[in-house]
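Notes follow once the structure below has been shown.
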Amino acid sequence: MKEISKRYNPSEIEPKWREFWEKNGIYKFNPKKKGKVFSVDTPPPYVSAEHLHAGHVMSYAQAEFVVRFKRMQGYNVFYPMGFDDNGLPTERYVEKKYKINKSKITRSEFIKLCLEETEKGAKNYKDLWTLLGISVDWSKTYSTINDHCRKISQWSFLDLYKKNLVYKAKKPILWCTTCQTAIAQADLEAEEKESNLVYIKAKAETGEEIVFSTTRPELLPAVMGISAHPDDKRYKKLIGKKIIMPLTKKAVTLTPDEATDMKYGSGAVYYCSYGGGECIEWLSRHPEADPTELVLSNGRFSAVGGKYEGMKVLEVRKQIVKDLQEAGAVQKIEPIKHSVYTHERCGTDVEYIESEQWFIRLLDKKKEFLKRGSELKWYPASMKKIYDSWVKNLKWDWCISRQRYYGVPFPVWYCEKCGGVILPEEKDLPVDPMEEKPKIKSCPKCGSKKFVPEMDVLDTWQTSSLTPVIGSKLVSEKNVEKKLYPNTLRPQAHEIIRTWLFYTIVKSHYHHGSLPFRDAMISGHGLDDQGRKISKRLGNYIPPQKIIDEYGADAVRYWATGAMLGQNLRFSLDEIKIGRKTTTKLWNAARFMGMNVEKAELLKSVDVLELADAWIVGELNKTIVEVTAAFEKYEYARAKESIDKFFWSKFADYYVEMVKYRFFGDDEKSKKIAGKTLATVFFNIVKLYAPIMPFVTEEIFHSHFKNLESAKSIHLSQWPNEIKLPAPKGRGLASGGKKTADISDFPTVLKAIEEIRKFKTKKGLSLGAEVESLKLKTKVNLKKYGELLRKVGRVGKIS
RNA sequence: GGGCAAUUGGCUCAGUGGUUAGAGCGUUUCCUUGACAUGGAAAAGGUCACAGGUUCGAUUCCUGUAUUGCCCACCA
């Protein structure tokens, strides 16, 4: 007989099963299968993430535990995979990698580079997911730049246009001067920054001095007006008077405005086009004001800036303070800390400029979105708060046009003559207006035959907010699509609730009048072993491939189960080592079974259990109930804890010990039942572990249990149910042998065994050492359990 | 400034209105026993952040304080 290694060797075993799963299509969605569908809106990762780390591993593994559980429960699982590879994240990545920017390269060259990098990135991910054993159906994949997604993304635009939910308007918008594009509120990040509050002196036409304070003195050339609170005694008499700005000598009227905070700064504030959201709001209250275009799209000053023309915003800020000081117009400068909005992709301070963009309506539908949010089942429930506060605080409609190259094009042409919007037919999608001409020959409004394409591309979220639709449409069978949408589960991280989750709800609400998915399972993210965010810059991570090489994918996955739902999880090599210990322990338990049980057989209701057998089956049943309930609630950490407890502290520590003497004795009947119980319980343990550790469990299934179930793979086998057996008769051990034995006092046996072990440890004896006699302190029914204790503890006489 | 969460042995984290609050790692001791020495058995170690309150009883519920983290907010 071949010597079986005592140590489980993942690098030998795991590749075998990877290949097996792939070859046999174990994880393929079967559209013809009857029964309940469990469909997953898998997060499509940004392929621009070149350096994958434990955080990526963690978030995908966590969703996957649930998927494997559902698959074993008999659901027809739809688990596609997408790659988010269009839009700004990819463009930024390419710009950094090749040290270029969009103004220094042609559109087509840029797109070519993006496509190349995208492909590399996708492969990078696929390799890692395959290594990890992520059970997605690789025949159901999409990339957000491919035709399938373009088509759906453009369809979405057309549908919204028809429903008057998307509009084009010229208004002040959020602008990134680095990326040189409009951005959306969700792309903002508030950052605490050091700044100066500058108190500037101006003269009223009456000759009096008025001081206003600002953190953005450079916008002085674009001043629109100046306000004070109507109740502010300091300024009451100046209201309505002209105030003459220093340097520019521009005169603006001091207006009363209740929004002004009397306590802040000097109590008087000036408004420019545009210093921020507050300026825009002020403008809506003061239509008489006269906005100008000071900051250009490249972040430099226009001719409106006079002598500052061509300078960058921050340069002007320094210079203008100097100039104001020289002119004697600065009262004081107060260093302050305040939060500034930056663009989350590049960290640049956001500017507010007036521009014509496409918007999806949000602001007038907040109530509807809040309602959808409360229809969704949140796991954990507390995550809903993030959603609610986001929706309530929305200030802008969703700007979806980006002045970029690499993205899904708008399906829009304009009539050159009258500016009318020309849209394609739905059946002609996807279209690229920059390459193609519209099908209609002339403008229906003015008859002109000349058209210009929309040059902007769509925001990346405009496409990724459609992933549930994109996924379901990967299946061609019509009636099946209905079963897939809305999806069952959206697993994702909490930092993209305001983007991916919110936008997806918006789209589904607008297009389908429903939620896009039933459950949202929100995970935390992976941190390094010191609790810091894992990042390329800090270099605080080990490449996952390397860890998998060394410890096996099962061990890494074991670590990933550690986080309670919604909690961040520190990377821990120790936890991975425990995972490896667990695979080894399972392996050795299987060896033990193989040594003592010729062929695994399951317990049947006619089998007469001994007390220990009944006890372990009872404990197993409790564990099955617990683990199932935990997985149902997506609480994989709890599920793992429960299996671990049972496997280590009940099965391995006690039951295996209790069964040894029977295997080595010559009571054939007892031996047989011990073997059957051992096989039954261990088979169930292996199944319970299968969602977490798919490789070692598959190996054990095939080497020890294949005869018990017809499933090709343990991952298609039946999830454990409670084992219903008649109560034990207590054969030979309990009184009578006919009466039903009561094993509720079995914990005293465990205690007694513990006491025997303690005794031996104290005496420096090995646990296998025979002891002549022992007086137990633990109260235990010796009539019932005496023989068991003597045999397990190797004690001649127990009293 | 508002909201939410956390604060439990050296470390990382579970947990509960009620007899001695748990786990893993770490530490110490013992054991090469018939699955497993990259193992096993055992021991030590906590006034459950702090201060009040509710209660027969609080680590658990309430209030406040402190610290940390997250989300949000136009204080120019």
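Each chain gets a letter, A, B and so on, in the order its sequence line appears, and its residues count up from 1.
Considering only side-chain N and O atoms, Y199(A) lies nowhere under 4.0 angstrom from the phosphate OP1 or OP2 of A76(B). For the OP1/OP2 pair of C25(B) and a distance below 4.0 Å, the side-chain nitrogens and oxygens of K581(A) include at least one atom meeting the criterion.
Using a 4.0 Å heavy-atom cutoff across all strands shown, H494(A) reaches no nucleic acid atom at all. As judged by a 4.0 angstrom heavy-atom cut-off over every strand, A652(A) is placed among the base-contacting residues. Using a 4.0 Å heavy-atom distance criterion, S389(A) is classed as a sugar-phosphate-only contact. If you check every strand for non-hydrogen atoms under 4.0 Å, D644(A) touches nothing. Among the protein residues, W559(A) comes within range of no part of the nucleic acid, since none of its heavy atoms lies under 4.0 Å from any strand. Residue S382(A) is out of contact with every strand shown, counting any heavy-atom pair closer than 4.0 Å. As judged by a 4.0 angstrom heavy-atom cut-off over every strand, E641(A) is placed among residues touching the sugar-phosphate backbone only. At the heavy-atom level, G764(A) lies under 4.0 Å from the strands shown only through sugar-phosphate atoms. Heavy atoms of R638(A) sit under 4.0 angstrom from primed sugar atoms or phosphate atoms, though from no base atom. At the heavy-atom level, Y558(A) lies nowhere under 4.0 Å from the strands shown. Base engagement by D261(A) is indicated by at least one non-hydrogen atom pair under 4.0 Å involving a base atom.
One cannot find a donor-acceptor pair under 3.5 Å joining the base of C4(B) and the side-chain atoms of K385(A). Applying the 3.5 Å distance criterion, the base of U12(B) shares no donor-acceptor pair with the side chain of R570(A). Within 3.5 Å, a donor on the side chain of R580(A) pairs with an acceptor on the base of U38(B), or the reverse.
The side chain of N393(A) lies closest to C72(B), out of C72(B), U38(B), C74(B). Proximity note for E278(A) (side chain, C-beta onward) versus G24(B), A41(B), A76(B): the nearest is A76(B). Each of G24(B), A41(B), G15(B) was ranked by its minimum atom distance to the side chain of I578(A); first place goes to G24(B). Looking at the side chain of W390(A), the nearest of the listed nucleotides A41(B), C74(B), C72(B) is C72(B). Across A76(B), A42(B), A35(B), the shortest atom-to-atom separation from the side chain of E754(A) is found for A42(B).
Using cut-offs of 30° and 60° on the angle between ring planes, the pair F682(A) and F705(A) is tilted.
The only member of D554(A), I576(A), V556(A) that meets side chain to side chain contact (heavy atoms under 4.5 Å, CB included) when paired with I548(A) is V556(A). Under the side chain to side chain contact (heavy atoms under 4.5 Å, CB included) rule, Y654(A) has a single partner from M658(A), E657(A), K650(A), which is M658(A).
Formation of a donor-acceptor pair under 3.5 Å by the K791(A) side chain with backbone atoms of R662(A) is not found in this model.
Look at the P atom in both A23(B) and G45(B): the space between them is 14 Å, to the nearest Å. Using C1' as the reference atom, G18(B) and G57(B) are 7 Å apart when rounded to the nearest Å. The same atom, P, is picked in C11(B) and in U16(B); the two are 23 Å apart, to the nearest Å.
Side-chain polar atoms of Y8(A) and N588(A) form no donor-acceptor pair below 3.5 angstrom.
Distance L767(A) CG to G39(B) C1': 12 Å, rounded to the nearest Å.
Note on K751(A) versus E754(A): no salt bridge recorded, every NZ/NE/NH1/NH2 to OD/OE distance being 4.0 Å or above.
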